[in-house]
Participant: 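Quick one: the structure is below, questions incoming.
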Amino acid sequence: MPRETNAHKRERAIKIEERMSAHYPDAECSLDYGRDPFRLTIAVMLSAQTTDAGVNKVTPTLWKRYPRIEDLAQADVREVGSILGSIGCYKVKAARAIQIAQMVMTDFGGEIPPDMDKLQRLPGVGRKTANIVLNEGFGIVEGIAVDTHVNRIAHRLKLVPRDDDPAKTEAALLKVYPPEYWGRINHQWVYFGREFCTAKRPRCCECFIGDLCPSNACKQAEAI
């Protein structure tokens with residue numbers, strides 16, 4: 001099979017995204033955060049290695065117990081841990097939640113900074129989280145948030161080179177997609193990853209972008 005040209009890859013990528021937009025026109029962040037950038041930052045940090053649904057079960061109790069940033073900044077890590085106990089790595093996340101609150105108070109005047117570099121200074125906040133906070137919390141789009149869904153789908157679609165590093169996946173996607181597409185990709189691909197392109201048993205034969213996916217198992221079976 002001849003190697004795909006960059007021009008053809010970009011054309012295919014845009015067709016994929018057009019279908020994603022048609023299939024998921026109202027895709028949005030599935031974390032509940034009350035339109036508060038601080039709560040969004042904490043929620044995204046908590047969502048690592050656990051589900052958004054799991055995070056949504058614990059955050060109402062967290063915010064009821066610590067309604068203000070300064071309340072969480074002064075919290076006892078064991079008490080926070082007891083609230084977060086049902087999610088993965090809850091002890092580490094409890095400590096990070098308090099540390100984030102403390103740094104926001106001491107370094108950023110009590111407000112989440114709408115700045116990529118400053119956000120990544122917060123404990124447990126990497127580029128993925130910063131991208132989501134900027135995009136969702138402030139309407140600022142500087143990149144594409146690459147979580148496990150986006151990373152898996154980008155590789156199955158062969159839009160990026162073979163490398164599991166999310167930073168490299170993002171850099172490759174930014175070259176394939178024009179900036180006007182960046183902001184919507186994460187939410188749409190998360191929905192798609194849950195519904196069709198699952199990690200273990202992707203629904204290739206029912207997939208609405210199957211003809212655009214080089215890894216589509218159903219298409220490969222038909223070619224034999």
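Residue numbers start at 1 and run along the sequence shown.
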Participant: Looking at K9, I'd like to know if its NZ atom is crowded, meaning that more than 12 non-hydrogen atoms belonging to other residues, nucleotides or ligands lie closer than 6.0 Å.
Facilitator: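 Yes - once you tally the heavy atoms of other residues, nucleotides and ligands closer than 6.0 Å, there are more than 12.
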Participant: Taking atom types as modelled, find out whether H155 and R152 have a side-chain donor-acceptor pair closer than 3.5 angstrom.
Facilitator: no
Participant: F138 and P37: which non-hydrogen atoms are nearest, and at how many Å?
Facilitator: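 For F138 and P37, the tightest heavy-atom pair comes out as CZ-CB, 3.7 Å.
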Participant: Answer yes if the side chains of W182 and E170 hold a donor-acceptor pair under 3.5 Å, and no otherwise.
Facilitator: no
Participant: Using ring centroids (six-membered ring only for Trp), state whether F192 and H187 fall under 6.0 Å.
Facilitator: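 Ring centroids of H187 and F192 are no less than 6.0 Å from each other.
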Participant: For L212, does its backbone N or O pair with a side-chain atom of R12 as donor and acceptor, under 3.5 Å?
Facilitator: yes
Participant: Which heavy-atom pair separates G183 from V141 by the least distance, and what is that distance?
Facilitator: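 Nearest pair, atom of G183 first, then V141: N-CG1, 3.7 Å.
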Participant: Donor-acceptor pair, distance only, cut-off 3.5 Å: does the side chain of N56 make one with the backbone of S30?
Facilitator: yes
Participant: When you measure from the side chain of K93 to the backbone of L46, do you find a donor-acceptor pair of N or O atoms at a distance under 3.5 Å?
Facilitator: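 Indeed, once roles are kept as given, a pair shorter than 3.5 Å links the two residues.
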Participant: To check you understand the geometry: which heavy-atom pair defines the closest contact between I98 and A75, and what is its length?
Facilitator: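 Looking at all heavy atoms of both residues, the closest pair is CD1-O, 3.6 Å.
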Participant: For E136 and Y33, test the side chains for any donor-to-acceptor distance below 3.5 angstrom and give the result as yes or no.
Facilitator: yes
Participant: Looking at N151 and T148, would you say the former's side chain and the latter's main chain have a donor-acceptor pair under 3.5 Å?
Facilitator: no
Participant: Salt bridge check: are R121 and D115 linked by an N-O gap of less than 4.0 Å?
Facilitator: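 The answer is no: the pair does not qualify as a salt bridge.
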Participant: Is there side-chain contact between P179 and L174, with heavy atoms separated by less than 4.5 Å?
Facilitator: no
Participant: Counting only heavy atoms not in E4 (residues, nucleotides, ligands), do more than 12 fall under 6.0 Å from its CD?
Facilitator: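 It does: E4 CD has more than 12 such atoms within range.
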Participant: Once you find the SG atom in C218 and the one in C205, is the distance between them below 2.5 Å?
Facilitator: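 A disulfide is present here, as the SG pair of C218 and C205 is separated by less than 2.5 Å.
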Participant: Could you state the interatomic distance from OG (S215) to CD1 (I153), rounded to the nearest 0.5 Å?
Facilitator: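 Taking OG in S215 and CD1 in I153, the distance rounds to 11.5 Å.
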Participant: What closest approach, in Å, do L159 and V176 show between heavy atoms, and which atom pair accounts for it?
Facilitator: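 Where L159 meets V176 most closely, the heavy atoms are O-CG2, 3.6 Å.
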Participant: Is the backbone of E18 close enough, under 3.5 Å, to the side chain of S21 for a donor and an acceptor to pair up by distance?
Facilitator: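 Here the side-chain-to-backbone pair does not exist.
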Participant: Between the main-chain N or O of A145 and the side-chain N or O of N186, is there a donor-acceptor pair closer than 3.5 Å?
Facilitator: yes
Participant: Go through the side-chain N and O atoms of T198 and R203 and say whether any donor and acceptor fall under 3.5 Å apart.
Facilitator: no
Participant: Give a yes or no answer on whether the side chain of N216 reaches the backbone of C204 with a donor-acceptor pair at less than 3.5 Å.
Facilitator: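 It does hold such a pair.
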Participant: I need the minimum non-hydrogen distance between G124 and M45, along with the two atoms involved.
Facilitator: O-CG, 3.9 Å
Participant: Count the heavy atoms of every other residue, nucleotide or ligand shown that sit under 6.0 Å from CD of E70, and state whether that count exceeds 12.
Facilitator: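 Buried by this count: over 12 neighbours within 6.0 Å.
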Participant: In plain terms, say whether R19 and D211 are close enough for a salt bridge, that is, a side-chain N and a carboxylate O under 4.0 Å apart.
Facilitator: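 Yes, charged N to carboxylate O under 4.0 Å.
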Participant: What's the verdict on ring-ring contact (aromatic ring centres under 6.0 Å, His included) for Y191 and F196, showing C-alpha distance, side-chain angles and the deciding distance?
Facilitator: CA-CA 8 Å; Y191 279 55; F196 289 97; over 10 Å; no
Participant: Report yes if some heavy atom in the side chain of R156 is under 4.5 Å from a heavy atom in the side chain of P202; otherwise report no.
Facilitator: yes
Participant: Carefully, step by step, assess E195 and Y24 under the rule side chain to side chain donor-acceptor pair (under 3.5 Å).
Facilitator: CA-CA 11 Å; E195 185 178 2; Y24 303 111; 2.7 Å; yes
Participant: Hey, is K168 close enough to D163 for a salt bridge, meaning N to O under 4.0 Å?
Facilitator: yes
Participant: Assess whether side chain to side chain contact (heavy atoms under 4.5 Å, CB included) is satisfied between I100 and L72, documenting all intermediate values.
Facilitator: CA-CA 9 Å; I100 288 172; L72 186 57; over 6 Å; no
Participant: Answer yes or no: is there a side-chain heavy-atom contact under 4.5 Å between M103 and Q99?
Facilitator: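 They are not in contact (no side-chain heavy atoms under 4.5 Å apart), so the answer is no.
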Participant: Using a 3.5 Å distance criterion without hydrogens, assess whether the side chain of Y177 forms a donor-acceptor pair with backbone atoms of A13.
Facilitator: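 Pair found, side chain donor or acceptor close to backbone of A13.
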Participant: Which heavy atom of I185 sits nearest to which heavy atom of E17, and what is that distance?
Facilitator: CG1-OE1, 3.6 Å
